[in-house]
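Here the structure comes first, spelled out in structure tokens, and everything after it is commentary.
Hydrogens, waters and symmetry mates are skipped; everything else that's a heavy atom, side chains included, is used. Counting starts at 1 for both ligands and their atoms, in listed order.
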Amino acid sequence: MFGPTESELSDLDRVRLAQSFGEIAAAYELGRPEYPDEALTFWDDCGAFERGHSVLDLAAGTGKLTRLLPVICNLHAVEPLTQMRAEFSRAVPDVEVLDGTAEQIPFADCTFDAVLVGQAFHWFDPQVALDEIARVLKPGGGVGMIWNTDDIDAASWLVDVADEKLAAVAPPVIGEHSVVEIIDVNSGFGPAETFECRWEHLTSVEGVLADMLSRSYVSVRPPDERLAVLTRTRQAIERQFGSDVKTIPHPYRTTTIWSPLVEATPA
Ligand SMILES: C[S@@+](CC[C@H](N)C(=O)[O-])C[C@H]1O[C@@H](n2cnc3c(N)ncnc32)[C@H](O)[C@@H]1O
């Protein structure tokens, strides 16, 4: 297994790895999946997407989540890395993406009905970010989080490359605690609800290799090690699908969370 486990990462490691996304923004856009419809339906059922709602995609990256959000809402995005924002603006030109972090969200108090976080809460300083998210939410609003993780039980080629991707580090766990536990200790949010589903992202060899390259644990490795990882990945794909495969089904498990802002009790 390469690299440290999530619980062994120091704050400095976390910042360095989070910044590595800037170097691989194009690979991220090419290789990473979007999110399944059922997850969006779950948030809709939780009340996130009523007509005219203001919705923030926080840590929006290249906009993989933003582009799925319903246009009946007023959509906003925040992303700290310049290269990710550049890919975002190409992919989702109708939504403005602002520079900012989860720990300092560049919006006024009580701005949003929903703040959504795709594949990113584990990069935040969790309680600082939750307090900041609570600050920008309107009464009645809530926070949503989502993670895709490789469904390694569903495909043997994924088992072959699992240790490259540190697949054992399966958000939504941060260190010793599940994200649900982390939300539950924050007094600003009510109990978190979770929805799980499994689905397949149809991709290509180039897509799988770009996905691999965009993993922070791979992108920070020296060039020869990165190349070795990509070679082993291509070999694993060819073992299962043959060398002239065009479409590769990449199975994912998706965990979606919603937690409502706690209503202030009158003094
Ligand atoms: C795995 S990408 C997810 C991007 C996008 N949300 C998606 O669903 O594809 C993680 C993103 O979190 C951003 N990020 C890392 N630390 C952050 C922080 N403290 N505040 C806001 N964004 C952060 C990174 O710049 C990167 O774009």
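Considering backbone and side-chain atoms alike, T62 places every N or O at 3.5 Å or more from each N or O of ligand 1. Polar contact check, A102 against ligand 1: a nitrogen or oxygen pair lies under 3.5 Å apart. For A120, no nitrogen or oxygen atom sits less than 3.5 Å from a nitrogen or oxygen atom of ligand 1, counting backbone and side chain alike. When only interatomic distances are considered, the shortest N/O to N/O separation between T101 and ligand 1 does not fall below 3.5 Å. For ligand 1, the polar-atom distance check against E103 finds a nitrogen or oxygen pair separated by under 3.5 Å.
Using a cutoff of 4.0 Å between basic side-chain nitrogens and carboxylate oxygens, E34 and R67 are scored as salt-bridged.
Near F21, the atoms of ligand 1 lying under 4.0 angstrom from a non-hydrogen atom of the residue are 1 (C), 10 (C), 24 (C), 26 (C). Of all atoms in ligand 1, listed by their number and element, those nearer than 4.0 Å to a heavy atom of K64 are 9 (O).
The residue A129 has no part lying near ligand 1, judged by heavy-atom distances below 4.0 Å.
Outside the 6.0 Å centre-distance limit, the rings of Y35 and W199 are not counted as a close aromatic pair.
Side chain of K64 to backbone of E29: a donor-acceptor contact under 3.5 angstrom is found.
For F189, there are no ring pair (Phe, Tyr, Trp, His ring centres under 6.0 Å) partners two or more places apart in sequence or in a different chain.
Sorted by first then second residue, the ring pair (Phe, Tyr, Trp, His ring centres under 6.0 Å) pairs that include residues 44-67, not counting sequence neighbours, number zero.
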